[in-house]
Amino acid sequence: MLIGELAERAGTSTRMLRYYEQQGLVRSRRSANGYRVYDEHEVDVVRKIRDLLELGFDLADTQPFVTCLRGGNGSGDECPESVESLRRKLAEIDDAIARLGAARRHLTDRIDAVTGPPPKCAFTC
């Protein structure tokens with residue numbers, strides 16, 4: 001398939017596909033007339049990359065998943081390197097939640113120090 005079809009099917013732009021290719025994540029070959037031609041499997045690769053980016057992974061962090069997919073695994077999550085990447089991202093998210101929770105408590109304490117604690121409801125609020 002040509003780059004436009006891959007972009008449409010994977011839900012991205014041709015510019016992003018070229019960038020992914022520059023980064024070594026997406027593979028193409030050249031046709032006789034010089035057009036990039038992509039195999040069907042690249043749709044899954046690009047969708048996986050986009051899914052991981054939406055979860056907060058950096059582009060470089062997608063490499064183990066792409067390698068796993070290229071190894072014939074179904075989702076790219078099954079390989080040990082992918083599982084380790086998922087665990088690292090989960091730990092990052094847990095740390096961020098803890099930091100945000102502490103910041104929230106600190107802000108609430110500052111507001112309460114100035115305005116007093118919020119009133120308790122006599123009835124169910």
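At a cut-off of 3.5 Å, with distance as the only test, no side-chain donor of Glu81 or Ser85 sits close to an acceptor on the other residue.
Pairing each heavy atom of Leu53 with each of Asp58, the nearest pair is CD2-C, 4.0 Å. Residue Leu2 comes nearest to Tyr38 through the heavy atom pair C-CD1, 4.1 Å, listed as atom of the first residue, atom of the second, then distance.
The cluster map of Ile, Leu, Val, Met, Phe, Trp and Tyr, joined by side-chain heavy atoms under 4.5 Å apart, puts Ile49 and Met1 in the same cluster. Clustering ILVMFWY residues whenever any of their side-chain heavy atoms sit less than 4.5 angstrom apart, transitively, puts Phe57 in a cluster other than the one holding Leu59. The cluster map of Ile, Leu, Val, Met, Phe, Trp and Tyr, joined by side-chain heavy atoms under 4.5 Å apart, puts Leu25 and Val43 in the same cluster.
Heavy-atom contacts from other residues, nucleotides or ligands closer than 6.0 Å to CZ of Arg104 number 12 or fewer.
We find the CG-CZ distance between Leu69 and Arg47 to be 12.0 Å, quoted to the nearest 0.5 Å. Rounded to the nearest 0.5 angstrom, Glu8 CD and Thr14 OG1 are separated by 12.0 Å. Taken to the nearest 0.5 Å, the CD1 atom of Ile3 stands 7.5 Å off from the OG atom of Ser28. Here CD of Gln22 is found 11.5 Å from CG of Leu17. Values are rounded to the nearest 0.5 Å. Here SG of Cys68 is found 12.0 Å from CZ of Arg70. Values are rounded to the nearest 0.5 Å. Rounding to the nearest 0.5 Å gives a distance of 11.5 Å between CZ of Arg110 and OG1 of Thr108.
By the 4.0 Å N-to-carboxylate-O rule, Asp77 lies close enough to Lys48 to be salt-bridged with it. Taking a cutoff of 4.0 Å between a charged side-chain nitrogen and a carboxylate oxygen, Asp61 and Lys89 do not qualify as a salt bridge. Using a cutoff of 4.0 Å between basic side-chain nitrogens and carboxylate oxygens, Arg9 and Glu40 are scored as salt-bridged. Between Glu92 and Arg87, none of the side-chain N atoms (NZ, or NE/NH1/NH2) sits under 4.0 Å from a carboxylate O, so this pair counts as no salt bridge.
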Subject >> Val45 and Phe65: CA distance, side-chain angles, deciding distance, side-chain contact (heavy atoms from CB on, under 4.5 Å) verdict >> reply: CA-CA 9 Å; Val45 170; Phe65 300 90; over 6 Å; no
**OP:** Start with the C-alpha distance between Arg18 and Glu21, add both sets of side-chain angles, then the distance that settles salt bridge (charged side-chain N to carboxylate O under 4.0 Å, His left out), and finish with yes or no.
**Re:** CA-CA 5 Å; Arg18 286 186 200 98; Glu21 192 171 342; over 6 Å; no
Subject >> Worked check of salt bridge (charged side-chain N to carboxylate O under 4.0 Å, His left out) between Glu42 and Arg36 >> reply: CA-CA 12 Å; Glu42 296 306 302; Arg36 286 179 169 93; over 6 Å; no
Subject >> CA sep, side-chain torsions, deciding dist, call: Thr67, Gln63, side-chain hydrogen bond (donor to acceptor under 3.5 Å, both in side chains) >> reply: CA-CA 6 Å; Thr67 300; Gln63 186 62 56; 3.1 Å; yes
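Between Arg29 and Asp39, the closest side-chain pair of non-hydrogen atoms falls below 4.5 Å. Residues Tyr19 and Arg15 are not in side-chain contact: their nearest non-hydrogen atoms beyond the backbone lie 4.5 Å or more apart. Within the 4.5 Å cutoff, no side-chain heavy atoms of Leu55 are placed close to those of Ile93.
Without hydrogens or angle criteria, Ser82 side chain to Gly76 main chain gives a donor-acceptor distance under 3.5 Å. Ser31 contributes a side-chain N or O that, together with a main-chain N or O of Tyr35, makes up a donor-acceptor pair within less than 3.5 Å.
The only option from Thr62, Val66, Val46 that meets the side chain to side chain contact (heavy atoms under 4.5 Å, CB included) definition with Tyr20 turns out to be Val46.
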